[in-house]
Amino acid sequence: MEKLQSLRGMVDLLPEQTALWQQVEACARQQFRRAALAEIRTPILETTELFARGIGAATDVVGKEMYTFEDRSQRSCTLRPEGTASVVRAVLQHGLLSQGPQRLWYGGPMFRYERPQAGRQRQFHQLGVELLGFGDPRSDAEAIAIAWDLLMALGIGSLSLELNSLGDAADRALYREELVQWLEARRHQLDPEAQARISTNPLRILDSKSTDTQAVLAEAPLLADSLSEASRQRFNRVRQALDQLGIPYQLNPRLVRGLDYYTHTAFEITSAELGAQATVCGGGRYDGLVEQLGGAPTPAVGWAIGLERLVLLLSTTKTSDGLVQGPRPDVYLVSRGEAAELQALALAQQLRRGGCAVDLDLSGAAFAKQLKRADRSGAPWALLIGDGEIDQGVVILKNLRHSGEQRLDPQGAVKMLLAELCDAGPQSLHPQT
RNA sequence: GCGGGCGUCGCCAAGUGGUUAAGGCAGCGGCUUGUGGUGCCGCCAUCCGGGGGUUCGAAUCCCCUCGUCCGCCCCA
């Protein structure tokens, strides 16, 4: 029989990895709370139209990477390839903007039908922030700062922030015309992909990784030169704010980004340690999207972080090695004999209700076996109960670090363990040495 | 969608045409029928991702396929 397997590009996170993920998520939540962001959760499945309209039909994401299928009523559905469109849809659907600007974060799985490689899977996870209803240049800087500080708080080093301004719709239209003209004149020097893009999405040619294409582009007109005075000033104010915040960045006039909805500020945070898929965080301003999806014109800025890539960085970085440990029980309950096993069950419940992490051995195996497992579990304490203890009305509280043990009445042992626990907090659960 | 590398036990890994497919870790059992962490003993792939083919004979050669990894495209 064929072995059952997960779908290509869909990976399991096993217990030894989830501890690190939980740490990242906890850190993010803390940062988001400090930044006064509220969480929003939207469905993973949306109408295909949402993404077609929101992200742009000419983009690769919509053109060839979506998981799209018809449901039982022949409605075209798509597994979300990114989060922003859904968040804007939800905000509009529930009229949240009528209560004022929204400071939101979201997280969860995204789906893109691509060939898996390092740092890229078909189901991956993002954490994103959207500031809706904010047009001030300071909000661009603040959004970036939230991302930057989160990455710093996680202890990720060697990151670089690349920054560009795409201007507003008018600037882009103007520049697009100029660029197309320039490209047409050199069509024969471009690779086939770039040639095809001249008509579909010329700006995307700019950040091509092809060295040949880049060589040709060296002389190309720059978007920065087509920006209106207002756009230019706006960009300067964003940069000023970043300077004020002490966040280092590099201007990258070729940074365009793949989704159609970006305007003005576009940015990427990359790491040299990630291989080909170097972008950890990408985002920017999207002043046109809310209107595009049927709302009133509303300025907005946001970004998304790829969690797989983040975790990849954290497990590569030496400093974080060994810091994250899976859950260890505080107490391991060993019991043998019918009455003892029942009492152990009850004590486990009592200890857990008291806040103690308890692993209960259900095997009924020999004491030696159970003790061995107790040792492996990493628990600092074991509670042993057998027929002898039942007869005497005691339990054995054993310190697995020092091998000391004492016989106590059951309630005395519970009190002792809970005191160890609660008085000094979780740290005290793991006696040193 | 395209290019290249790889695919032997849960994990790591020897083996590169010839009778029973090393070893290590983990797991299980025992030495120790109620006391762990060390030690010792035993068990743990009729099978080498799957399917065809070549051969007297293949995990070892060929083809197809699937998976995986790396890169391209693109993105988080």
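The shown structure was predicted, so the numbers you read here are calculated from the model rather than taken from an experiment. Residue numbering restarts at 1 for every chain, and letters A, B, ... go by the order of the sequence lines.
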Taking for each residue the nucleotide of RNA chain B bearing the nearest heavy atom, is the 5' side occupied by V11(A) or by D387(A)? D387(A)
Heavy atoms of other groups near R138(A) CZ, more than 12 under 6.0 Å: no
Categorize G282(A) for me: base, sugar-phosphate, or nothing, with a 4.0 angstrom heavy-atom threshold over every strand shown. sugar-phosphate
Categorize G9(A) for me: base, sugar-phosphate, or nothing, with a 4.0 angstrom heavy-atom threshold over every strand shown. sugar-phosphate
Among rA76(B), rG34(B), rC69(B), the one nearest any side-chain atom of P116(A) is rC69(B)
Counting only side-chain nitrogens and oxygens, does R407(A) get under 4.0 Å of the OP1 or OP2 atom of rU35(B)? no
If we ignore angles and hydrogens, is there a donor and acceptor under 3.5 Å between the side chains of S335(A) and Q343(A)? no
Residue E405(A), side-chain heavy atoms: nucleotide from rU35(B), rG67(B), rG1(B) that is nearest: rU35(B)
Side chains of R309(A) and S271(A): is there a donor and an acceptor less than 3.5 Å apart? no
Going by purine N1 to pyrimidine N3 plus the second Watson-Crick contact, or the G-U wobble pair, all under 3.5 Å, which nucleotide sits opposite rU19(B)? none
Over how many whole Å does the gap from L7(A) atom CG to rG67(B) atom P extend? 9 Å
Each nucleotide N or O in nucleotides 36-42 of chain B that has a protein N or O under 3.5 Å away: list the pair and distance.
unit_1	atom_1	unit_2	atom_2	d
rG36(B)	O6	S403(A)	OG	2.4
rG36(B)	N1	L400(A)	O	2.7
rG36(B)	N2	D375(A)	OD1	2.4
rG36(B)	N2	L400(A)	O	2.6
rG36(B)	N3	D375(A)	OD1	3.2
rG37(B)	O4'	D375(A)	OD2	2.9
rG37(B)	O6	S403(A)	OG	2.8
rG37(B)	N1	S403(A)	OG	3.3
rG37(B)	N2	L400(A)	O	3.3

Rounded to whole angstrom units, what separation is found between the CZ atom of R122(A) and the P atom of rC74(B)? 18 Å
With both distances under 3.5 angstrom, what nucleotide forms a Watson-Crick or G-U wobble pair with rG57(B)? none
So what does A374(A) touch, heavy atoms closer than 4.0 Å: a base, only the sugar-phosphate, or nothing? nothing
Under 3.5 Å donor-acceptor pair, E114(A) side-chain atoms to rG1(B) base atoms: no
Base-pairing assignment for rG71(B) (Watson-Crick or G-U wobble, both under 3.5 Å): rC2(B)
What contact category does E389(A) fall into here, base, sugar-phosphate, or nothing, at under 4.0 angstrom with non-hydrogen atoms? base
d(CG, L383(A); C1', rU35(B)) in whole Å: 14 Å
Separation of rU35(B) atom P from D361(A) atom CG, nearest Å, is 15 Å
Pick the nucleotide of RNA chain B nearest each of Q126(A) and L274(A); which residue has the one closer to the 5' end? L274(A)
Whole-Å distance, L384(A) CG to rG34(B) P, equals 13 Å
Please check the phosphate of rA76(B) (OP1 and OP2 only) for any side-chain N or O of R309(A) closer than 4.0 Å. no
Would you call the rings of F32(A) and W303(A) parallel, tilted or perpendicular, where under 30° means parallel and over 60° means perpendicular? tilted
Quick check on rG1(B): is either OP1 or OP2 less than 4.0 Å from any side-chain nitrogen or oxygen of R115(A)? no
Do R89(A) and T47(A) have a side chain donor and acceptor closer than 3.5 Å? no
Salt bridge (charged side-chain N to carboxylate O under 4.0 Å, His left out) partners of R34(A), counting only residues at least two apart: none
Indicate, with a heavy-atom threshold strictly under 4.0 Å, whether G388(A) touches base, sugar-phosphate, or nothing. base
Under a 4.0 Å threshold between the charged nitrogen and the carboxylate oxygen, would E142(A) count as salt-bridged to R103(A)? yes
Looking at every strand, decide which applies to I396(A) at a 4.0 Å heavy-atom threshold: base, sugar-phosphate, or nothing. base
Under 4.0 Å between a side-chain N or O of Q117(A) and OP1 or OP2 of rG71(B)? yes
Looking for any heavy atom pair under 4.0 Å, which part of the strands does G119(A) touch: base, sugar-phosphate only, or nothing? base
Side chain of R336(A), heavy atoms from C-beta onward: which of rU33(B), rC73(B), rC72(B) has the nearest atom to it? rU33(B)
Partners of R336(A) by side-chain hydrogen bond (donor to acceptor under 3.5 Å, both in side chains), sequence neighbours excluded? none
Measure from NZ or CZ of R122(A) to the centre of the six-membered ring of Y113(A) and say whether it is under 6.0 Å with the direction within 45° of the ring axis. yes
